[in-house]
Number of protein chains: 2
Amino acid sequence: MNIPSDPKPQGLSDALMRGDLLSAKCPSREVMKHVTSRWGVLVLIALEHGTLRFSQLRRRVGGVSERMLAQTLRWLEGDGLVLRVEYDVVPPHVEYQLTPLGREAAEKVRVLADWIEGSMPRIAAHWAEAGTGPQVEDATQA
Amino acid sequence: MNIPSDPKPQGLSDALMRGDLLSAKCPSREVMKHVTSRWGVLVLIALEHGTLRFSQLRRRVGGVSERMLAQTLRWLEGDGLVLRVEYDVVPPHVEYQLTPLGREAAEKVRVLADWIEGSMPRIAAHWAEAGTGPQVEDATQA
DNA sequence: GTTCATACTAACATTTATGTACGTACTTAC
DNA sequence: GTAAGTACGTACATAAATGTTAGTATGAAC
């Protein structure tokens, strides 16, 4: 059954006052979606080192398709985190860089990313112990 | 027109050495996926305040379905970030809490969430200026 | 001439995340 | 008796993210 998602939260005002991310229709969830999207995270981190062109970015961010890179960049640009600079030259030339706002976001995201990377041994250990890791087929044996 | 020259990738290994999140098949991407998933973020933040039961969590995290809450909790539990404690009593009673690892993760995630909430005015301003925000139909007028 | 590179967009296909509805097994409250 | 609460699992359906392929317009390299 449905628990009313937006009841009158008199007692829950705590969550609402310190920011309403926990309540259903907060616009910040949209930004969160862009920033924490699969490629959003990586694009922000990649751009922290400086300006990059589209295809440089594509090569830097392993596995991203052109379509998703373009899409992600449009999201971040729309949120004012990334600045797109286009040069009107014959072979197209476009540069992407972080805005001041984007630099702030990238920093928080990178802290999280660094933590994950640094904690992978502990997490992987838990995977092994609990058998919960990603299912990897052992190709060496049937 | 002054086009800055290509930034030299002083070492592609740079990205690889400080952690390989930017390279395609890094296991940390799996953890990132769980932690930055739509509900993963909110569950971690909600549990920072302390232990919660399933339905408490569901009420706290606005808009989450039972299915996705269970799924998200299994992800986080599998990564060793959340601890599930089950009491074998007649009406089921299960408690969820952060592990020490989970507390670390939740902190980074909350910093990001707080930043987003605090930056919403600037972001929304950019939305308005560029017309890039989420398409919200104005229900008050046609 | 062919090919490559650039920075994309559009169409289409697929995978994944997420939602909805229902069932469980039992208790308490009405 | 009915209804509701608990903590889910399962089946099904949809929405969203993501991938794949093809195409654009031009110049440079071959």
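The analysis underlying the following values was restricted to heavy atoms, covering all of them including side chains, and did not include hydrogens, waters or symmetry mates. Throughout, a chain's letter reflects where its sequence line sits, starting with A, and its residues are numbered from 1.
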[X] [atom1] - [N] [atom2] separation (whole Å):
{"X": "B:Leu57", "N": "D:dT6", "atom1": "CG", "atom2": "C1'", "result": "14 Å"}
{"X": "B:Arg59", "N": "D:dA4", "atom1": "CZ", "atom2": "P", "result": "15 Å"}
{"X": "B:Trp39", "N": "C:dT18", "atom1": "CH2", "atom2": "P", "result": "8 Å"}
{"X": "B:Asp88", "N": "C:dA25", "atom1": "CG", "atom2": "C1'", "result": "12 Å"}
{"X": "A:Leu69", "N": "D:dG19", "atom1": "CG", "atom2": "P", "result": "11 Å"}
{"X": "B:Glu30", "N": "C:dA17", "atom1": "CD", "atom2": "P", "result": "8 Å"}
{"X": "B:Glu86", "N": "D:dT6", "atom1": "CD", "atom2": "P", "result": "16 Å"}

Run A:Val111 and B:Val111 through side-chain contact (heavy atoms from CB on, under 4.5 Å) and show every step you take.
CA-CA 10 Å; A:Val111 168; B:Val111 167; over 6 Å; no
Could you go step by step and tell me if B:Leu57 and B:Leu47 meet the side-chain contact (heavy atoms from CB on, under 4.5 Å) rule?
CA-CA 8 Å; B:Leu57 209 38; B:Leu47 284 179; 4.0 Å; yes
Side-chain contact, heavy-atom cut-off 4.5 Å: A:Leu112 with A:Val41?
no
N/O donor-acceptor pair under 3.5 Å between B:Arg53 side chain and B:Tyr96 backbone:
no
Under 3.5 Å donor-acceptor, A:Arg60 side chain and B:Leu22 backbone
no
Taking salt bridge (Lys or Arg N to Asp or Glu O under 4.0 Å) as the definition, give me every residue that meets it alongside A:Arg103, ordered by chain and number, with sequence neighbours left out.
none
Between A:Arg122 and B:Glu104, does any NZ, NE, NH1 or NH2 come within less than 4.0 Å of an OD or OE carboxylate oxygen?
yes
When you check the phosphate oxygens OP1 and OP2 of D:dG5, does a side-chain N or O of B:Arg58 lie under 4.0 Å from one of them?
no
Considering just the side-chain nitrogens and oxygens of A:Trp75, establish if one lies under 4.0 Å of OP1 or OP2 belonging to D:dT18.
no
Restricting to ring-ring contact (aromatic ring centres under 6.0 Å, His included), what partner residues turn up for A:Trp39, sequence neighbours left out?
none
Using a 4.5 Å side-chain heavy-atom cut-off and chaining through intermediate ILVMFWY residues, the residues clustered with B:Val89 come out as B:Leu83, B:Val85, B:Tyr87
Any donor-acceptor pair under 3.5 Å linking the side-chain atoms of A:Arg59 with those of A:Gln56?
no
Could you list the protein-to-nucleotides 7-13 of chain D atom pairs, N/O on both sides, closer than 3.5 Å?
| residue | atom | partner | partner atom | Å |
| --- | --- | --- | --- | --- |
| D:dA7 | OP1 | B:Arg53 | NE | 2.6 |
| D:dA7 | OP1 | B:Arg53 | NH2 | 2.7 |
| D:dA7 | OP1 | B:Val94 | N | 3.3 |
| D:dA7 | OP2 | B:Ser55 | N | 3.2 |
| D:dA7 | OP2 | B:Ser55 | OG | 2.6 |
| D:dC8 | OP1 | B:Arg84 | NH1 | 2.2 |
| D:dC8 | OP2 | B:Tyr96 | OH | 2.4 |
| D:dC8 | N4 | B:Glu66 | OE1 | 2.2 |
| D:dG9 | OP2 | B:Arg74 | NH2 | 3.0 |
| D:dA11 | N6 | B:Arg67 | NE | 3.3 |

With a 4.0 Å heavy-atom cut-off, tell me which residues in residues 31-38 of chain A come close to DNA chain C, sorted by residue number.
none
Bend angle of the helix from C:dG1-D:dC30 to C:dC30-D:dG1, end axes from five pairs each (to 10°):
10°
Tell me whether A:Val94 shares a hydrophobic cluster with A:Val43, the cluster being built from Ile, Leu, Val, Met, Phe, Trp, Tyr side chains joined at under 4.5 Å.
yes
